[in-house]
Amino acid sequence: VQLQASGGGLVQAGGSLRLSCAASGRTLNSYVMGWFRQAPGKEREFVAAISWSGDSTYYADSVKGRFTISRDNAKNTVYLQMNGLKPEDTAVYYCVRLRRPYYSGTYDSSRQYDYWGQGTLVTVSS
């Protein structure tokens, strides 16, 4: 499986960006998908995840109410709509695939994910 993230860029505080993650090599339909981010000098952190069916979503407290994760299984693509961006959202964003298919439980540990995209840089200016 290869995950290709895109959509990052430079935006002013309060602006919006939409990240996309397209998968090739294997369908994502059976897997929880998520986004992590890593800011300069900081540890990687969980941002959001979506269940394999798309019925349930999960967010870090820091982005809840501002970010929305979604998926289009027909296109094998996952999205992250980011609104109300803040300078502290500046980071490289990675899309990820959970290791176990049809998994239901917690989703915020990076060790649960086996495939990582190359990352896309989001820079929010103040």
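Bear in mind that the values here come from a model prediction, so they are computed numbers and not experimental data. Nothing fancy with the numbering, it's 1 onward along the sequence.
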[atom2] on [Y] to [atom1] on [X], rounded to 0.5 Å:
X   : Y    : atom1 : atom2 : result
L98 : Y115 : CG    : OH    : 13.0 Å
F36 : F46  : CZ    : CZ    : 6.5 Å
S30 : Y102 : OG    : OH    : 3.0 Å
R37 : S62  : CZ    : OG    : 4.5 Å
R26 : L3   : CZ    : CG    : 12.5 Å

Where is the tightest heavy-atom contact between [X] and [Y], given as atom of each residue plus distance?
X   : Y    : result
W35 : S20  : CH2-O, 3.7 Å
V96 : Y113 : CG2-CD2, 3.3 Å
N83 : S16  : OD1-OG, 2.9 Å
Y93 : L80  : CD2-CD2, 4.2 Å
A5  : Q118 : O-NE2, 2.9 Å
L85 : R66  : CA-NH1, 3.9 Å

Any chain of hydrophobic side-chain contacts (each under 4.5 Å) joining [X] to [Y]?
X    : Y   : answer
V1   : Y94 : no
V63  : M82 : yes
W116 : L19 : no
V92  : F67 : no
M33  : V47 : yes

N-O pairing of K86 and D89 below 4.0 Å
no
Around K64, counting heavy atoms of other residues, nucleotides and ligands shown, do more than 12 lie under 6.0 Å from its NZ?
yes
For R44, I'd like to know if atom CZ has over 12 heavy atoms of other residues, nucleotides or ligands within 6.0 Å.
yes
Going by salt bridge (Lys or Arg N to Asp or Glu O under 4.0 Å), name the residues that satisfy it together with R97, two or more places apart in sequence or in a different chain.
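Testing R97 for salt bridge (Lys or Arg N to Asp or Glu O under 4.0 Å), a comparison that skips the adjacent residues, returns D114.
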Do V78 and C95 pass the side chain to side chain contact (heavy atoms under 4.5 Å, CB included) test, and can you show the C-alpha distance, the side-chain angles, and the key distance before you say yes or no?
CA-CA 8 Å; V78 179; C95 66; 5.9 Å; no
Can a donor-acceptor pair be found, under 3.5 Å and without considering hydrogens, that links the side chain of [X] to the backbone of [Y]?
X    : Y    : answer
Y107 : S51  : no
Q112 : R99  : no
T90  : V124 : yes
N76  : L28  : yes

Side chain to side chain contact (heavy atoms under 4.5 Å, CB included) between Y59 and I69, intermediate numbers included:
CA-CA 9 Å; Y59 298 95; I69 188 172; 3.5 Å; yes
Just to verify, what does Y79 make a ring-ring contact (aromatic ring centres under 6.0 Å, His included) with, not counting sequence neighbours?
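With sequence neighbours excluded, Y79 shows a ring-ring contact (aromatic ring centres under 6.0 Å, His included) to no residue whatsoever.
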List for me each residue that meets side chain to side chain donor-acceptor pair (under 3.5 Å) alongside E88, sequence neighbours excluded, and say none if there are none.
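Partners of E88 by the side chain to side chain donor-acceptor pair (under 3.5 Å) criterion come out as none, since no residue qualifies.
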